[in-house]
Chemist: 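The structure is given below, and queries will be raised subsequently.
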Number of protein chains: 2
Amino acid sequence: MKKIGELSKVTGCSVQTIRHYEKEHLIASAERSEGNFRLYDESAVERLLFIKHCRSLDLSLPEIRQLLALNRSPGSQCDDVNRMMDRHIEQVETRIQELTKLNEQLRMLRRSCTNRRTVEQCGILRNLSATSVSIG
Amino acid sequence: MKKIGELSKVTGCSVQTIRHYEKEHLIASAERSEGNFRLYDESAVERLLFIKHCRSLDLSLPEIRQLLALNRSPGSQCDDVNRMMDRHIEQVETRIQELTKLNEQLRMLRRSCTNRRTVEQCGILRNLSATSVSIG
DNA sequence: TATAAACTCTATAATAACAATAGAGTCAAC
DNA sequence: GTTGACTCTATTGTTATTATAGAGTTTATA
């Protein structure tokens, strides 16, 4: 049985994060030692790695909770999993589009000022001051 | 002179947001009426639109504060403005790359499950459980 | 055996940029 | 005078952690 520090090392999740996941019911309340220290077995390692993998895909803690719940009822249809993934992918793609557009605007704005001008002549500040959002 | 509700309508910033900007010193403390209501003139409108424009470019409030400070010393070089913009553009582009990679992983994961399977057979959950992050 | 180092515990606050609410006060019109 | 629309301050909530504070536990060393 591992104490929380060792679990942290093995999984790469910080100690506070593990405690946080427990509070959020993503992992079960751990057994305690005589001195009230949390004790974990291998299943805790697996579960944490599952959560970590999900987090690396930007899934939210409630989304992960849902996946874990589905995992516990292995006979049910997995349409729910698919729907969640589809929605998540859509969100990510929307954000990519937004950022791409943003990047174009920023680059255009950046081109409006060369170094060594004074602030007074700075095209960036002038354009930011313009009421219209379009920069041309 | 406008009260905060009218300023909100004109600029499209919410009332709370305007008060928040005041607390964060992005706009000056407004004059007050006899009844302690905030009163604004046209310069407040311009300033808020400047801030709004910056926010639409995902500039942080501290970054905006810096731009506003530079704006007040019109004789100084605007290298600082350029540096900030370059750094910001870099951040946005990094985030786009991250999300693009994430999107590929999510799509690959999504393909590992067709509807109408049971959770037990679900490739998504199986892959998320795999220790390795790579999905193949 | 004493004590120091390293670890753990709970609880609370901070992060970013607001949104939402509570409870109270102001102002105009009817 | 009272209703409704507005405003005020102060506090809490949002997300997923991170960072404390202050206390207790365990292990290693002197």
Side-chain angles (χ1 to χ4, degrees), chain A residues 1-27 29-40 44 47-68 87-88 91-92 95 98-99 102, chain B residues 1-27 29-40 44 47-48 50-68 84 87-88 91-92 95 98-99 102:
Chain A
M1 299 292 270
K2 301 180 205 322
K3 281 188 287 186
I4 197 167
E6 202 185 336
L7 182 63
S8 168
K9 250 180 225 153
V10 172
T11 61
C13 300
S14 78
V15 167
Q16 302 101 301
T17 296
I18 295 171
R19 288 198 278 244
H20 180 64
Y21 287 168
E22 179 181 317
K23 201 187 297 178
E24 295 288 319
H25 302 294
L26 291 172
I27 56 180
S29 296
E31 282 180 62
R32 297 299 179 109
S33 71
E34 272 189 34
N36 199 32
F37 286 8
R38 289 174 178 82
L39 296 175
Y40 299 96
R47 196 169 178 98
L48 259 186
L49 290 176
F50 179 92
I51 294 171
K52 201 185 171 196
H53 191 173
C54 291
R55 286 295 299 136
S56 79
L57 296 170
D58 256 9
L59 292 165
S60 68
L61 299 194
E63 282 171 332
I64 296 170
R65 203 165 17 229
Q66 194 183 337
L67 285 179
L68 289 166
R87 194 170 54 237
H88 189 68
Q91 280 172 14
V92 170
R95 188 64 185 147
E98 285 170 2
L99 285 178
L102 188 58
Chain B
M1 299 291 270
K2 302 180 203 323
K3 282 187 285 181
I4 198 168
E6 202 184 337
L7 182 62
S8 169
K9 248 179 226 155
V10 171
T11 61
C13 300
S14 78
V15 168
Q16 300 104 300
T17 296
I18 296 171
R19 288 198 278 244
H20 181 63
Y21 288 167
E22 180 181 316
K23 201 186 298 178
E24 296 289 319
H25 302 293
L26 291 172
I27 56 181
S29 296
E31 282 180 62
R32 298 298 179 110
S33 69
E34 270 189 37
N36 200 31
F37 287 7
R38 290 174 177 83
L39 295 177
Y40 298 96
R47 195 167 178 100
L48 259 185
F50 179 91
I51 295 171
K52 201 186 171 194
H53 192 174
C54 292
R55 287 294 301 134
S56 79
L57 296 170
D58 256 9
L59 291 166
S60 68
L61 299 195
E63 282 173 331
I64 296 170
R65 202 163 18 226
Q66 192 183 338
L67 285 179
L68 288 166
M84 177 196 297
R87 196 171 52 237
H88 189 68
Q91 281 172 15
V92 170
R95 188 64 186 146
E98 286 170 2
L99 285 178
L102 188 59

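Throughout, protein chains are lettered first and strands after them, A, B, ... in sequence-line order, and every chain is numbered starting at 1. These values consider heavy atoms only, across backbone and side chains, with no hydrogens, waters or symmetry-generated copies.
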Chemist: Expressed as a whole number of angstroms, how long is the span from A:R32:CZ to C:dT8:P?
Modeler: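 My rounded result for the distance is 12 Å.
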Chemist: Which letters describe nucleotides 24-30 of chain C, given B = protein heavy atom under 4.0 Å from base, S = only from sugar-phosphate, - = neither?
Modeler: -BSS---
Chemist: Check A:A30 against A:L39 and note the closest heavy-atom contact, atom names and distance.
Modeler: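 Shortest heavy-atom contact: CB-O, 3.7 Å.
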Chemist: Out of curiosity, B:L61 CG to B:C54 SG, how far, rounded to the nearest 0.5 Å?
Modeler: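 If we round to the nearest 0.5 Å, B:L61:CG and B:C54:SG are 10.0 Å apart.
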Chemist: Could you tell me the separation between the CE atom of A:M1 and the C1' atom of C:dC7, rounded to a whole number of Å?
Modeler: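 Value for this atom pair: 18 Å.
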Chemist: What closest approach, in Å, do B:M84 and B:L67 show between heavy atoms, and which atom pair accounts for it?
Modeler: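 Closest approach of B:M84 to B:L67: SD-CG, 4.1 Å.
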Chemist: Between A:L68 and A:R47, is there a side-chain heavy-atom distance shorter than 4.5 Å?
Modeler: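 Of all side-chain heavy-atom pairs linking A:L68 with A:R47, at least one is under 4.5 Å.
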Chemist: What are the two closest heavy atoms between B:K3 and B:Y40, and how far apart are they?
Modeler: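 Heavy atoms only, the tightest pair is C-CD1, 4.4 Å.
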Chemist: Convert the base pairs of DNA chain D into dot-bracket notation, remembering that pairs crossing earlier ones are written with [ ] and that bases paired across to another strand are shown as |; include only Watson-Crick or G-U pairs under 3.5 Å.
Modeler: ||||||||||||||||||||||||||||||
Chemist: What pair of heavy atoms forms the shortest contact from A:C13 to A:S8, and how long is it?
Modeler: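 In this case the closest contact between A:C13 and A:S8 is O-OG, 2.7 Å.
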Chemist: What is the 5' to 3' range of DNA chain D, first to last nucleotide, that sits under 4.0 Å from any heavy atom of chain B?
Modeler: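 Both ends considered, the range comes out as D:dT7 to D:dT9.
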Chemist: Can you sort out the partners of B:E98 under salt bridge (charged side-chain N to carboxylate O under 4.0 Å, His left out), two or more places apart, ordered by chain and number?
Modeler: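 Listed in chain order: B:R95.
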Chemist: Can you name the closest pair of heavy atoms from B:I64 and B:R55 and give their distance?
Modeler: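 In terms of heavy atoms, the two residues are closest at CD1-CD, 3.6 Å.
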Chemist: At their closest point, which heavy atom of A:I27 faces which heavy atom of A:I51, and how far apart are they?
Modeler: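 For A:I27 versus A:I51, the nearest heavy atoms are CG2-CD1, 3.8 Å.
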Chemist: side-chain contact (heavy atoms from CB on, under 4.5 Å), that's the test. Do A:E24 and A:R65 meet it? Break it down for me.
Modeler: CA-CA 9 Å; A:E24 295 288 319; A:R65 203 165 17 229; 3.9 Å; yes
Chemist: For the residue pair A:L7 and A:V15, establish whether any side-chain heavy-atom pair is separated by less than 4.5 Å.
Modeler: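 The answer is no, as the side chains (C-beta and beyond) never meet within the 4.5 Å cut-off.
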Chemist: For a 4.5 angstrom cut-off between non-hydrogen side-chain atoms, does A:R87 reach A:Q91?
Modeler: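 Sidechains of A:Q91 and A:R87: in contact.
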Chemist: Go nucleotide by nucleotide along DNA chain C from the 5' end; which of A:K9 and B:P62 gets its closest nucleotide reached first?
Modeler: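 On the 5' side of the pair lies A:K9.
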Chemist: Mind listing the residues from residues 15-27 of chain A sitting with a heavy atom below 4.0 Å of DNA chain D? Number order is fine.
Modeler: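 Under 4.0 Å from DNA chain D: A:Q16, A:T17, A:H20, A:Y21.
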Chemist: Can you sort out the partners of B:R38 under salt bridge (charged side-chain N to carboxylate O under 4.0 Å, His left out), two or more places apart, ordered by chain and number?
Modeler: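 B:E22.
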